Structure formats: structure tokens, C-alpha cells
Amino acid sequence: MSAPLILIIAGEPKSTVTALHGACAAARAQNGRISIAQLVPVGNPVLLGDPHAYWSLTSEQQRCLDDCVEVAEDYGVPAMAYAMQMVEYRAALIELVEMLRPQTAYVPAPKRGPGWWRRWGQARLEAAFARRGCALVWTGAGERGRAAQPAGLPLSEPVV
């Protein structure tokens, strides 16, 4: 059996790094590995797979991915960071979980839309992840960022 995988979806740099510290501590305790993904929106499905469709990936986002890999290496945890093109956010998240089969996924909590719509979308995503055997941990300033933290590790304190 392969080492457990923890998936981190990059969002705001501060919340991504905070989630990364908790994920690295959990991965190190379980001899796991980390995968960090930056979802890059494309305007049209025809552009999926086109290298020119990464025009919206900023240098700040790329730098954050590079920094995340360095942090994981400081923890002694194998990590891989990459950008993935997407058309629709929820579908891309589910596709990543199906492809990578992570044990846990840290996902930025949505901040847009009416509260009831966000809660409905989050509940559907939580159910979709659970059906695929993946624990979903919301990160960032979303109102449902209270999901259970794997291995009882706090997200705010790095373990070195």
C-alpha cells in the first residue's frame, strides 16, 4: 500500500501556508506525502490542455507553490506542486480527488454568493468527497472552516 496523500488546494497564500503546516505535520506523523494544486480557470473548455491557457497563473501564485514545496521539504515530507486547468471549480476538485485518491483534502472555503448557496455547495462537496473516501477540511475565512482536523493537529501551529 502506498503512503497516504494529503491534497492542498492553493488559495490565499496565508491560509494555504497555514493549512500546509498542519498537513505536513500530519503527513510526517503518517509517513505520508503532500500534493499542492493551484486551480487555473480557463474561459472555454476548448482551451483545456492548451499551454497558453495558463495566462491567468500569476507569478505570486507560482511563488506560493514553490514556497509550499520548500516548507514541506523542511518538514521532511515529499511534496509535489502543480497548476491544473479547470472550467468549473467543484468539478475540478472532484476530478482531483478521483485522480489522486487523497486521504485528506484542504480546500479554501468559498466566500462568494449568498450564504445559503455557499452552505448548499459546501455540503454537496463534503458529501462527494466522503463518497470517495476523502476527508474535507475547509481553509480560509469561510463560515464553515471548522471541519475536523486530521490527527488532531491544529492548523495554526507548525510542528518542526
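In this text the structure is predicted, and so the values were computed from the model without any measurement. Nothing fancy with the numbering, it's 1 onward along the sequence.
For the side-chain contact (heavy atoms from CB on, under 4.5 Å) test with Leu39, the passing option among Leu96, Leu57, Val107 is Leu96; the others fail.
Note that the SG atom of Cys134 and the CZ atom of Arg101 stand 10.5 Å from one another [nearest 0.5 Å]. Atom OG of Ser15 and atom OH of Tyr106 lie 12.5 Å apart (nearest 0.5 Å). With rounding to the nearest 0.5 Å, the separation of NZ in Lys14 from SG in Cys64 is 13.5 Å. Here the straight-line distance linking atom CG of Leu48 with atom CE of Met84 works out to 8.5 Å at 0.5 Å rounding. For the atom pair CD of Glu126 and CH2 of Trp138, the computed distance is 6.0 Å after rounding to the nearest 0.5 Å. The structure places CD1 of Ile36 at 9.5 Å from OH of Tyr82, a figure rounded to the nearest 0.5 Å.
The two atoms that bring Arg28 and Tyr75 nearest to each other are CD-O, 3.2 Å, heavy atoms only. A pairwise comparison of heavy atoms in Arg90 and Gly121 identifies NH2-CA, 3.3 Å as the closest pair. Between Val77 and Ala27, the closest heavy-atom pair is CG1-CB, 3.7 Å. For Ala3 against Asn31, the heavy-atom pair with the smallest separation is CB-O, 3.2 Å. Taking both residues in full, the closest heavy atoms of Thr139 and Ala19 are given as CG2-CB, 3.6 Å, listed atom of the first, atom of the second, then distance. When every heavy atom of Gly32 is checked against every heavy atom of Pro78, the shortest pair comes out as O-CD, 3.6 Å.
Using a 4.5 Å heavy-atom cutoff, the side chains of Pro108 and Ile9 are in contact. Residues Val42 and Val87 are in side-chain contact: their nearest non-hydrogen atoms beyond the backbone lie under 4.5 Å apart. Side-chain contact between Arg33 and Ile6: absent, with no pair of heavy atoms (C-beta onward) separated by less than 4.5 Å. Side-chain contact check for Glu98 versus Arg132: some heavy-atom pair is nearer than 4.5 Å. Contact check for Leu65 versus Thr16: no side-chain heavy atoms found under the 4.5 Å cut-off. For the pair Val137 and Thr104, the minimum side-chain heavy-atom distance is below 4.5 Å. Counting heavy atoms from C-beta outward, Ile34 and Ile8 have side chains that approach closer than 4.5 Å. In this structure, the side chains of Gln30 and Gln103 come closer than 4.5 Å at one or more pairs of heavy atoms.
Taking the side-chain hydrogen bond (donor to acceptor under 3.5 Å, both in side chains) definition, one finds that Glu73 meets it with nothing, sequence neighbours left out. Every residue two or more places apart in sequence or in another chain was checked for a side-chain hydrogen bond (donor to acceptor under 3.5 Å, both in side chains) with Glu70, and none qualifies.
A donor-acceptor contact shorter than 3.5 Å links the side chain of Gln85 to the backbone of Gly49.
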